[in-house]
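Down below is the structure, laid out as structure tokens.
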Amino acid sequence: MLRYLHALTLFSSISVSFAASADQWQSRSIYQLLTDRFAVRNNAGAPCNTSDQKMCGGSWIGITEHLDYIQNMGFDAIWISPVVENIDDKTPYGEPYHGYWTKNISSLNPHFGKPDDLKTLSSAVHNRSMYLMVDVVVNHFASVPSHPGANISSLNDFDLTNLSPFSSSSDFHPFCWIEDYSNQTRAEQCWLGDKNLALVDINTEDPKVVTTMNTWISSLVKDYNIDGIRIDAAKHIRKDFWPDFVKAAGVFSIGEIYDKNVSFVKDYTEVMDSVLDFPSFFALSAAFSSTNGSFSDLLEVSTASQQSYKRGVSGTGSFLENHDLPRFQSQTGDLALIKNAMTWPFVTDAIPILYYGQEQGYQGAKDPDNREALWLSGYVTENKTLVSLVKSLNAARKSAISLNSSFLTTPMTFISQENNQAIAISKPPLLALLTNVGQSGTASWNVPGVFDANQALVDVLTCNQYVVPSDANMTVSSSDGSPKVFMPATVADQVCEHEEKNIARKRRYGNKALLTIKAEWETFGITLLFMLSGWFF
Ligand SMILES: *[C@@H]1O[C@H](CO)[C@@H](O)[C@H](O)[C@H]1NC(C)=O
Ligand SMILES: *[C@@H]1O[C@H](CO)[C@@H](O)[C@H](O)[C@H]1NC(C)=O
Ligand SMILES: *[C@@H]1O[C@H](CO)[C@@H](O)[C@H](O)[C@H]1NC(C)=O
Ligand SMILES: *[C@@H]1O[C@H](CO)[C@@H](O)[C@H](O)[C@H]1NC(C)=O
Ligand SMILES: *[C@@H]1O[C@H](CO)[C@@H](O)[C@H](O)[C@H]1NC(C)=O
Ligand SMILES: *[C@@H]1O[C@H](CO)[C@@H](O)[C@H](O)[C@H]1NC(C)=O
Ligand SMILES: *[C@@H]1O[C@H](CO)[C@@H](O)[C@H](O)[C@H]1NC(C)=O
Ligand SMILES: *[C@@H]1O[C@H](CO)[C@@H](O)[C@H](O)[C@H]1NC(C)=O
Ligand SMILES: *[C@@H]1O[C@H](CO)[C@@H](O)[C@H](O)[C@H]1NC(C)=O
Ligand SMILES: *[C@@H]1O[C@H](CO)[C@@H](O)[C@H](O)[C@H]1NC(C)=O
């Protein structure tokens, strides 16, 4: 019993020191979820009509209860919806189930749970040595104008008294719609939204406002033991606002710079830890959403990002979907294209981010259809092609990271292919071969000199063996348009056995028994070692 208590103390001290840096996040793999749509408490079968744009009942407790689902796919971080209180008004765009319509940054969103529920989620995440990323909105509050639908002429068209802590007109920018997004002054100082629901633009030029925001983020991160923040609409605030804000947060920051232009996005990599790599996203999505997508665009954008961003693509967020974009599977049902596109984020220099539901084959197109309730899938993982794919990709990346201490710091290289529907990405010990010929096409790659002559490899997506020819010039083909991810057989064996091992371990111990085993471990060292190696649960 004493030992058990000892273990508990150590656990809480580990949690306290979790607040994570950019370097620590780089090895992570993030599962992005919408709190209202991921899981309801006690797994109750709540209905959820996506087109209705209403609250469906997901909560922090729901997430806490379903962390196994996320962790079993190999993710070691979650990104949850904004946590602060939102407006209650009826709007033509429904209810703020997504959490982005801030009303009071000093209060938590009661629809998602109580403060203690968020603390419980945070410690449950940390118990699994996972990280918690919280979405934060700094650019604006939301407000329904006093006369919805009527033209807005000034701040007087809004009742600011229920907003907090900013509620006087000097706390906000004077009214104007952005209209011209290419005018950066307007993008920063005018308003998003429309005459039915305005996103009242906070005056982030005002030193009082700046101090309040910095104090707020610092407390939020400390109070809930947050490991990283995702910054909404970051391009709508002046760049020199960010360094002090992210310093006050004290944890990893990754900004949403919704833009195709690498030269535009790159400036933000200088003022915060990282950005979501939108330029690469646009090119990625276009490259794989049909069999005539352009790989040269993807390679060009990706290379430009590597060369322009402060730390290259390393530590940026690579993604194929998010809550603002049509799901990839609304654009194509070709399983080969889907698998290739999904592989990309896991085999580049970036931090992979998967938007919940992609693994279940969700096909919602644009907002609000892309925000389906996950519980409607039953969280089934058995015989799910895309769940297995994600598991293998996470396992391969983890294995590469632990095998090669330079994996995270050495930029990927593209090995040029004669076939313009083939891409080869080398990031030793991983070699990813991608194609957009689709499921009825045949692709082939030539990869000379990456692996040694006669070296035994395994394609970790199929667990098929491959031996490198004696001239070290690999010729690989795929008759069903599937991607391939090769690793040396010595390491890949672990990835390919991963799934079987997991099942066997669960059978042996079950979850309760694990607590007892934990109690018997003598030292902090062993506990920490097991936590870090991700074997624990
Ligand atoms: C879902 O909501 C939409 C919009 O309110 C409505 O048109 C549709 O009939 C609803 N579907 C179901 C199955 O209730
Ligand atoms: C975290 O782990 C500790 C020690 O095993 C346990 O007492 C605590 O209940 C766990 N917390 C959560 C939220 O799972
Ligand atoms: C609102 O503004 C538009 C464009 O300036 C104008 O065409 C329209 O008549 C105005 N509507 C009202 C109700 O004032
Ligand atoms: C905002 O939340 C804080 C903390 O709960 C509360 O004290 C304050 O009254 C709220 N402000 C408004 C305008 O409701
Ligand atoms: C950008 O917008 C500002 C504010 O509306 C305006 O003063 C400025 O002239 C605009 N710049 C250009 C190049 O249009
Ligand atoms: C891309 O961004 C840079 C820097 O802001 C700008 O100079 C350039 O005009 C932009 N290019 C396009 C095509 O918008
Ligand atoms: C690419 O293919 C899609 C359908 O697969 C088609 O709709 C589109 O027009 C094609 N684009 C070009 C440029 O050929
Ligand atoms: C999964 O597939 C296997 C082999 O095809 C089959 O035996 C098993 O019943 C399937 N399980 C589920 C839950 O569909
Ligand atoms: C580790 O990565 C470096 C840089 O890419 C590479 O040179 C080296 O061969 C890799 N080692 C292994 C074992 O993959
Ligand atoms: C590798 O093999 C391909 C196909 O046989 C050939 O075209 C290419 O020149 C070879 N590359 C090297 C470096 O030997």
Side-chain angles (χ1 to χ4, degrees), residues 1 3-16 18 27 60-68 70-71 78 113-130 132 224-225 306 312-314 347-349 360 377-385 387-388 396-415 425-432 449-452 455-458 460 468 472 485-492 494-495 499-500 503 511-521 524 526-528 530-531 536-537:
M1 188 57 193
R3 279 183 199 152
Y4 181 45
L5 287 177
H6 184 54
L8 279 186
T9 320
L10 290 167
F11 261 91
S12 26
S13 64
I14 290 167
S15 299
V16 170
F18 248 96
S27 66
W60 296 316
I61 293 188
I63 303 171
T64 307
E65 290 173 349
H66 288 83
L67 289 173
D68 270 348
I70 300 172
Q71 193 177 26
I78 58 172
K114 298 192 169 59
D116 276 350
D117 299 339
L118 183 54
K119 287 183 179 157
T120 301
L121 170 60
S122 179
S123 55
V125 163
H126 294 148
N127 267 5
R128 296 163 182 262
S129 26
M130 293 168 73
L132 175 65
Y224 299 100
N225 210 350
Q306 276 187 312
V313 174
S314 287
V347 295
T348 74
D349 299 333
Q360 293 289 345
S377 74
Y379 306 99
V380 174
T381 55
E382 213 180 311
N383 298 347
K384 289 266 179 171
T385 309
V387 170
S388 307
R397 183 168 177 271
K398 278 280 142 17
S399 174
I401 291 168
S402 62
L403 181 76
N404 194 338
S405 57
S406 338
F407 181 83
L408 292 171
T409 48
T410 310
M412 61 187 161
T413 53
F414 298 109
I415 298 170
I425 306 168
S426 169
K427 196 165 169 63
L430 289 186
L431 171 69
V450 163
F451 287 109
D452 295 338
Q455 193 175 355
L457 307 180
V458 165
V460 295
V468 180
V485 177
F486 286 108
M487 291 186 88
T490 44
V491 216
Q494 293 164 17
V495 178
E499 204 160 322
E500 286 162 45
I503 294 163
N511 275 339
K512 277 198 187 125
L514 273 174
L515 274 183
T516 323
I517 295 165
K518 183 159 55 185
E520 294 186 353
W521 279 333
F524 168 80
I526 292 175
T527 310
L528 185 66
F530 273 74
M531 283 181 68
F536 207 80
F537 285 87

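A quick note: this is a predicted structure, and the numbers were derived from the prediction, not measured. All ligand and atom numbering here is 1-based and tracks the order in the structure. Hydrogens, waters and symmetry mates play no part in the numbers below; they use all other heavy atoms, side chains included.
In terms of the side chain to side chain donor-acceptor pair (under 3.5 Å) criterion, Lys114 has no residue partners (sequence neighbours excluded). Annotation: side chain to side chain donor-acceptor pair (under 3.5 Å) contacts of Ser405 (sequence neighbours excluded): none. Listed by chain and number, the residues in a side-chain contact (heavy atoms from CB on, under 4.5 Å) with Asp452 are Gln455 (sequence neighbours excluded).
The Ala124 neighbourhood of ligand 2 comprises atoms 12 (C), 13 (C), 14 (O), with distances under 4.0 Å to a heavy atom of that residue. Listed by atom number, the atoms of ligand 9 under 4.0 Å from Pro428 heavy atoms are 2 (O), 5 (O), 10 (C), 14 (O). Within ligand 2, the atoms closer than 4.0 Å to a non-hydrogen atom of Ser123 are 13 (C), numbered from 1 in the order shown. Ligand 2 places these atoms under 4.0 Å from at least one heavy atom of Thr120: 13 (C). Within ligand 9, counting atoms from 1 as listed, the ones closer than 4.0 Å to a heavy atom of Pro429 are 14 (O).
Counting heavy atoms from C-beta on, the side chains of Leu408 and Arg397 come closer than 4.5 Å. Leu431 has its side chain out of reach of Ile425: every pair of non-hydrogen atoms, C-beta onward, lies at least 4.5 Å apart. Residues Phe414 and Gln306 are in side-chain contact: their nearest non-hydrogen atoms beyond the backbone lie under 4.5 Å apart. Here the side chains of Leu457 and Phe451 are in contact, with some heavy-atom distance below 4.5 Å. Looking at Thr413 and Lys427, their side chains never come closer than 4.5 Å, going by heavy atoms from C-beta outward. At a threshold of 4.5 Å between non-hydrogen side-chain atoms, the residues Ile70 and Met130 count as touching.
Taking a heavy-atom cut-off of under 4.0 Å, ligand 8 is surrounded by Glu382, Asn383.
In terms of polar-atom proximity, defined here as any N/O pair under 3.5 Å, Asn404 does make such a contact with ligand 9.
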